[in-house]
Amino acid sequence: MMITNFFASFIFSINVTLPIIILLGLGIFLGRRHILDDAFSQKAMKLIFNLTLPLLLFFNIYRGQIDYHSQIDLVIIAVLGTTILFISGELVAAKFIDDKRERGTFVQAVFRGNNAILGLALCVNAYGDAAYIPASIYSAIIVILYNTFGVLTLTRSLSNNKVSALSLISRVAKNPLIIGIVLGIIMNYCAIKLPMPIEKTGHYLADITLPLAVLCTGANINFRYMKVSSRVVSWGIFARLIVAPIFMVLLAKIMGLSGMKLALIFLMSATPLATATYAMVSAMGGNTTTVANIIGITTIGAMIVSSLGLMILTQLGWI
């Protein structure tokens with residue numbers, strides 16, 4: 001019986017992660033062959049972030065049957081867990097990382113994952129359409145926190161300027177993912193129907209999001225940067241792949257979550273450092289090599305952690 005349960009857990013974890021691993025591998029191959037070059041990947045990711053991913057999140061909520069009350073626990077865990085990770089990262093960085101300009105990168109590695117793309121893709125692979133609404137609502141809260149905390153920690157470590165509350169609010173309000181999710185909730189709640197041609201066109205665009213995004217993520221992996229070159233890199237990798245998912249799962253379990261919701265928390269938390277971090281650090285004059293190292297290693301490592309984590313959680317009977 002134990003062998004049967006272990007085999008079932010193994011099959012479940014492989015079914016969830018293997019399609020993403022294959023797409024990442026295909027992206028790496030196409031990138032090495034210069035079929036998906038840097039210019040194409042950058043433009044494709046810009047298209048995804050500004051159009052197709054907001055549409056995907058919008059339609060997932062717009063057409064769903066949402067029980068808003070049942071999503072409150074996910075919202076609480078997202079806010080509480082991410083805030084604790086952010087504060088903990090700041091305290092550790094202040095005490096143990098001597099180079100102030102590297103602290104913001106480490107802190108982001110602690111709390112900021114690639115939820116909107118790899119996290120969402122893993123959740124959908126695990127639970128199909130049933131995962132779209134809770135994963136989208138969770139992502140909405142996380143995106144707000146990521147943008148807010150990301151600006152705060154990088155400004156503290158890379159600039160002497162103070163953070164303007166108005167600029168933070170404006171940054172969050174203009175985020176295309178937030179706009180898509182908020183519009184989806186409004187139109188779902190008000191039962192507003194889109195004309196069929198517009199809805200079909202939107203679905204065509206939304207459907208390309210996850211495969212194209214994962215392919216471009218693979219194409220952007222640069223093995224030259226995959227080395228543990230400093231304590232910031234090693235600590236950042238450990239925090240992103242081990243500390244963050246374990247902490248978030250335990251927090252969710254303490255708050256009574258199990259089954260699909262607990263799995264969603266884990267899969268969202270066991271994602272690599274978000275690629276948006278690279279652009280933010282680069283724009284503020286930080287050490288991009290450190291960020292690239294963490295992103296590259298955690299992208300590969302996240303697939304291993306996700307597979308093993310799903311097997312362990314299934315064996316424990318938590319999901």
Side-chain angles (χ1 to χ4, degrees), residues 38 42 45 49 81-119 142-165 167-168 171-172 175 217 220-248 268-305:
D38 289 342
Q42 288 174 9
M45 292 302 281
F49 180 77
T82 305
T83 302
I84 291 173
L85 286 172
F86 166 69
I87 294 172
S88 301
E90 284 283 344
L91 292 174
V92 171
K95 187 171 180 62
F96 296 106
I97 296 177
D98 297 328
D99 186 352
K100 181 184 175 184
R101 297 180 62 80
E102 293 278 50
R103 291 174 185 172
T105 298
F106 168 76
V107 174
Q108 290 210 84
V110 175
F111 75 84
R112 188 169 195 164
N114 192 336
N115 293 334
I117 295 175
L118 290 182
I142 289 294
V143 165
I144 294 172
L145 295 172
Y146 282 179
N147 277 272
T148 303
F149 292 156
V151 171
L152 285 173
T153 190
L154 287 180
T155 301
R156 280 166 54 85
S157 65
L158 296 174
S159 172
N160 294 320
N161 298 326
K162 291 184 178 180
V163 179
S164 164
S167 67
L168 273 178
R171 184 186 182 95
V172 170
N175 188 293
T217 300
N220 284 329
I221 292 175
N222 192 330
F223 289 97
R224 288 180 301 173
Y225 292 126
M226 281 195 178
K227 55 185 178 182
V228 180
S229 56
S230 69
R231 183 167 63 178
V232 176
V233 174
S234 59
W235 285 18
I237 293 167
F238 182 76
R240 179 90 300 271
L241 296 181
I242 306 298
V243 176
I246 289 177
F247 170 75
M248 292 298 288
M268 287 289 191
S269 304
T271 50
L273 177 60
T275 53
T277 307
Y278 184 93
M280 292 179 69
V281 172
S282 176
M284 297 185 72
N287 188 343
T288 54
T289 301
T290 299
V291 183
N293 284 343
I294 298 174
I295 291 173
I297 296 172
T298 55
T299 299
I300 301 299
M303 296 301 102
I304 299 170
V305 170

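- Taking CZ of Arg112 as the start and CD1 of Ile142 as the end, the distance is 10.5 Å to the nearest 0.5 Å.
- Applying the salt bridge (charged side-chain N to carboxylate O under 4.0 Å, His left out) definition to pairs two or more places apart or across chains, those involving residues 88-107 are Glu90-Arg156.
- Within the structure, salt bridge (charged side-chain N to carboxylate O under 4.0 Å, His left out) contacts touching residues 269-295 (residues at least two apart or in different chains) do not occur.
- Nearest heavy-atom pair across Ala302 and Ala270 is CB-O, 3.3 Å.
- No donor-acceptor pair under 3.5 Å is formed between the side chain of Thr155 and the backbone N or O of Leu152.
- Proximity of a side-chain donor or acceptor of Arg240 to a complementary backbone N or O of Ala109 within less than 3.5 Å is detected.
- For Ile84, the side-chain contact (heavy atoms from CB on, under 4.5 Å) partners two or more places apart in sequence, or in a different chain, are Leu80, Ser88, Phe247.
- For the side-chain contact (heavy atoms from CB on, under 4.5 Å) test, residues two or more places apart in sequence or in another chain that qualify with Val92 are Phe96, Phe106, Trp235.
- Checking side-chain atoms of Ser269 against main-chain N and O of Ala244 turns up no donor-acceptor pair under 3.5 Å.
- The side-chain contact (heavy atoms from CB on, under 4.5 Å) test applied to Ile242 returns Phe238, Ile246, not counting sequence neighbours.
- Annotation: ring pair (Phe, Tyr, Trp, His ring centres under 6.0 Å) contacts of Phe49 (sequence neighbours excluded): none.
- Between Leu154 and Val281 there is a side-chain heavy-atom pair separated by less than 4.5 Å.
- Smallest separation of non-hydrogen atoms from Ala239 and Pro245: O-CD, 4.4 Å.
- Thr153 places no side-chain N or O within donor-acceptor distance of the main-chain N or O of Gly150, the cut-off being under 3.5 Å.
- Atom-to-atom distance recorded for Leu85:CG and Leu145:CG is 11.0 Å, nearest 0.5 angstrom.
- Under the 3.5 Å distance criterion, the side-chain polar atoms of Thr277 are matched with a main-chain donor or acceptor of Ala274.
- Residues meeting the ring pair (Phe, Tyr, Trp, His ring centres under 6.0 Å) test with Tyr146, sequence neighbours left out: Phe111.
- One distance of note links CD1 of Ile237 with CG of Leu273; it measures 10.0 Å at 0.5 Å rounding.
- To the nearest 0.5 angstrom, Ile294 atom CD1 is 11.0 Å from Thr289 atom OG1.
- Separation of atoms OG1 (Thr298) and CD1 (Ile295) is listed at 7.0 Å; rounding is to 0.5 Å.
- No side-chain heavy atom of Val110 sits less than 4.5 Å from a side-chain heavy atom of Phe86.
- Thr82 is linked by a side-chain hydrogen bond (donor to acceptor under 3.5 Å, both in side chains) to nothing, counting only residues two or more places apart in sequence or in another chain.
- With rounding to the nearest 0.5 angstrom, the CG atom of Asn175 is 8.5 Å from the CD1 atom of Ile144.
- Qualifying side-chain hydrogen bond (donor to acceptor under 3.5 Å, both in side chains) partners for Asn114, counting only residues two or more places apart in sequence or in other chains: none.
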For Met45 and Ile117, what are the C-alpha separation, side-chain angles and deciding distance, and is it a side chain to side chain contact (heavy atoms under 4.5 Å, CB included)? CA-CA 10 Å; Met45 292 302 281; Ile117 295 175; 3.5 Å; yes
